[in-house]
Amino acid sequence: MKSVKRIAKHPTISLLNSCTTLKEMKQIHAQLVVKGILNNPHFHGQFVATIALHNTTNLDYANKLLNHNNNPTLFTLNSMIRAYSKSSTPSKSFHFYANILHSNNNNLSPDNYTFTFLVRTCAQLQAHVTGLCVHGAVIKHGFELDPHVQTGLVFMYAELGCLSSCHNVFDGAVEPDLVTQTAMLNACAKCGDIDFARKMFDEMPERDHVTWNAMIAGYAQCGRSREALDVFHLMQMEGVKLNEVSMVLVLSACTHLQVLDHGRWVHAYVERYKVRMTVTLGTALVDMYAKCGNVDRAMQVFWGMKERNVYTWSSAIGGLAMNGFGEESLDLFNDMKREGVQPNGITFISVLKGCSVVGLVEEGRKHFDSMRNVYGIGPQLEHYGLMVDMYGRAGRLKEALNFINSMPMRPHVGAWSALLHACRMYKNKELGEIAQRKIVELEDKNDGAYVLLSNIYADYKNWESVSSLRQTMKAKGVKKLPGCSVIEVDGEVHEFIVGDKSHPRYDEIEMKLEEISKCLRLSGYVANTNPVLFDIEEEEKEDALSKHSEKVAIAFGLISLKGVVPIRVVMNLRICWDCHNVAKMISKIFNREIIVRDRNRFHHFKDGFVKNVQVLWLSFTFWYPPIRGEY
DNA sequence: TTAGGGTTAG
């Protein structure tokens, strides 16, 4: 057997890893040149590889170094393939693969390392055909049984969405080790076969913390967050090491489930056990707090972070916008630019939301145009939808329609829905009918489109059209999504679906609702009963307004959450105007902060005001829509 | 010197 003589890393080269800037690396480079160390091809290779792998921004420098070397070693070229596979230009890896294949040095031919890195490039590029060619080359060069290459191939096919190919590679492995098994488990989860992943997980004779994390990630990524938390609890009970990745995953599940208390527990655990605070973990915390409606805490974590990337900034900007703090979100965007962090398409979704919630149409338009003109980012459907929403909320319905008509791609349901919502807000029947027709053309069973148009007709007391629309819905089998609100009390999630009285404390809730009604009447509140009259579900007509799921959840919050704890409700539809006004008044009468997250954003109510937009609010009669910046 | 798990929107 051929023995490979290992050469230790030169101590000066080892120093490179402690460098934080390229400038420092260049100083070490100068020392190595002076000492003649780089004349040794092994040390030269180590030096180039360390520079290239340290940071992808160093790749140009590593390339220049390589250009001065006519006979790079296989190790050097493999390292360049590896570095480029992780960069923003992964296709450049193939340049070095070609160097290996066409090298003047006859001894150079690709090895198992080459393919381990090259398959990652294919995955990164989503290059299906190239991936198949690389797999062919793997077989041709005799590395199909190498466990590292096999793991890479499983990873590659998973990224390409080819689960059957993952199975083929995995089944070809003689005795797949823990790493390959975990890669396969992850592949099943990523490609939609989470139950098979779980079966594999349960049957594995040995698992380490990465396997556990992969299982949690699998559940979290397919939206089965509750099961993700179950696996996490099992992991804790079995005494498996929890690291920062476990924490990020569990936070992501908490965010989706809107379980702030559990999220807070994770944060406390991170601090108590000094879990390594990576940018990813910090971002997950910011995102969790913001999406659970605790924006103050989110910003506290944000400003406490030592390092922030585009994910962190986008999360915070979006979090502020989602909670109604539009101006603050735009200030933060300016801070981001000042710090030299390059925004991406997702950042602009957050920025446009920020403009939308405070009605800054001109500024929104400026940011939208800057996407392409300044940052070279092509706006996507979501960005167009947000612009329509922005014009619509500001009452500029004609401009919203013109904007839709100027879209370079076919307008989607989101764009037309934004217009339809604005038409409801501003009672514009003609445009509302156009928008509804367009939505139904794209999605014939879109219940929201029917309900909104029906509401517009009802605003005009056009009961004939309301009734005709109801019949169309019945004929087409369009069902209205029932309102559903959830509230977390003592770590337990309580769900209230409109019309459902099965909650064990429903009698008490009803009594509280009656008390609320009395208090509201005494305060001079007159409900806008229009929605009851034109509500299209028969069973919801009677008492519907006072039994909307969000009101029931708030009433339950009042009876079960003692002291000054804010009432946090999450609902599946947009909050109705009456519930919005009632929540505002309850916050004053019962001296309780209320935070409602609807399908669109958060609504904060305190002391009888909508937090952060009191001034705008005071200029309107309290039940009369539209309120710029509130809906 | 190589392989498996993580964050922003929708």
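In this text the structure is predicted, and so the values were computed from the model without any measurement. Each chain gets a letter, A, B and so on, in the order the sequences are listed, and its residues count up from 1.
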## Note on the structure
A/T280 has its side chain closest, among B/dA3, B/dG6, B/dT8, to B/dG6
### Ring centroid separation A/F143 to A/H148 under 6.0 Å
no
### Query
Base, sugar-phosphate alone, or nothing: which one does A/D111 contact when heavy atoms must sit under 4.0 Å apart?
nothing
### Message
Counting the atoms with a prime plus P, OP1 and OP2 as sugar-phosphate, which does A/S315 contact under 4.0 Å by heavy atoms, base, sugar-phosphate, or nothing?
### Response
sugar-phosphate
### Query
Who pairs with A/D230 by salt bridge (charged side-chain N to carboxylate O under 4.0 Å, His left out), at least two apart in sequence or on another chain?
none
#### Entry: Minimum-distance nucleotide (side-chain atoms of A/T283 versus B/dT8, B/dT7, B/dA3)
B/dT7
### Message
What contact category does A/L178 fall into here, base, sugar-phosphate, or nothing, at under 4.0 angstrom with non-hydrogen atoms?
### Response
base
### Task
Please tell me which of the listed nucleotides, B/dA3, B/dG10, B/dG6, lies nearest to the side chain of A/A217?
B/dG6
### Task
Quick one: label A/Q150 by what it contacts on the DNA or RNA (base, sugar-phosphate, nothing), any heavy atom closer than 4.0 Å.
nothing
### Message
For a quick test of reading the model: is some side-chain N or O of A/K291 closer than 4.0 Å to OP1 or OP2 of B/dT7?
### Response
no
## Note on the structure
Contacts satisfying ring-ring contact (aromatic ring centres under 6.0 Å, His included) that involve residues 328-348 of chain A (not counting sequence neighbours) are A/F333-A/F348, A/F333-A/H367, A/F348-A/Y375
### Query
Do the ring planes of A/H141 and A/F115 sit parallel (below 30°), tilted (30 to 60°) or perpendicular (above 60°)?
tilted
### Task
Take the protein atom CE of A/M336 and the nucleotide atom C1' of B/dT8, then report the distance between them rounded to whole Å.
10 Å
### Shortest side-chain distance from A/T180, nucleotide among B/dA9, B/dG6, B/dA3
B/dA3
### Message
Rounded to whole Å, how long is the line connecting atom CZ of A/R276 with atom C1' of B/dT7?
### Response
14 Å
### Task
Residues of residues 344-351 of chain A with any non-hydrogen atom less than 4.0 angstrom from an atom of DNA chain B: list those, numerically ordered, please.
A/N344, A/I346, A/I349
### Task
For residues 376-385 of chain A, pull every pair meeting side-chain hydrogen bond (donor to acceptor under 3.5 Å, both in side chains), keeping only residues two or more places apart or in separate chains.
none
### Query
In whole Å, what is the span from the CD atom of A/Q221 to the C1' atom of B/dA9?
15 Å
### Task
Assign A/D177 to base, sugar-phosphate, or nothing according to its heavy-atom contacts below 4.0 angstrom with the strands shown.
base
### Message
What I want to check is whether an N or O donor and acceptor connect the side chain of A/T278 with the base of B/dG6 at under 3.5 Å.
### Response
yes
### Task
Using the test side-chain hydrogen bond (donor to acceptor under 3.5 Å, both in side chains), find all partners of A/R599 that sit at least two apart in sequence or belong to another chain.
none
### Task
Using atom CG of A/L381 as one end and atom C1' of B/dA9 as the other, report the distance to the nearest whole Å.
13 Å
### Query
Rounded to the nearest Å, what distance is computed from the CZ atom of residue A/F143 to the C1' atom of nucleotide B/dT2?
12 Å
### Query
To the nearest Å, how far apart are A/F170 CZ and B/dA3 P?
19 Å
### Task
Starting at atom CG of A/L281, determine the distance to atom P of B/dT7, rounded to an integer number of angstrom.
12 Å
### Query
Looking at B/dT2, B/dT7, B/dT1, which one has an atom nearest to any side-chain atom of A/N309?
B/dT7
### Message
Ring centres within less than 5.5 Å and planes less than 30° apart: is that true of A/Y311 and B/dT7 in this structure?
### Response
yes
### Query
What is the nucleic acid contact for A/S246, judged by heavy atoms within less than 4.0 Å: base, sugar-phosphate only, or nothing?
nothing
### Message
Once salt bridge (charged side-chain N to carboxylate O under 4.0 Å, His left out) is applied, do any residues pair with A/E203, and if so which ones, sequence neighbours excluded?
### Response
A/K199
### Task
Mind calculating the distance between CH2 (A/W212) and C1' (B/dG6) to the nearest angstrom?
18 Å
### Task
For the pair A/W212 and A/F201, name the ring-plane relationship: parallel under 30°, tilted 30 to 60°, perpendicular over 60°.
perpendicular
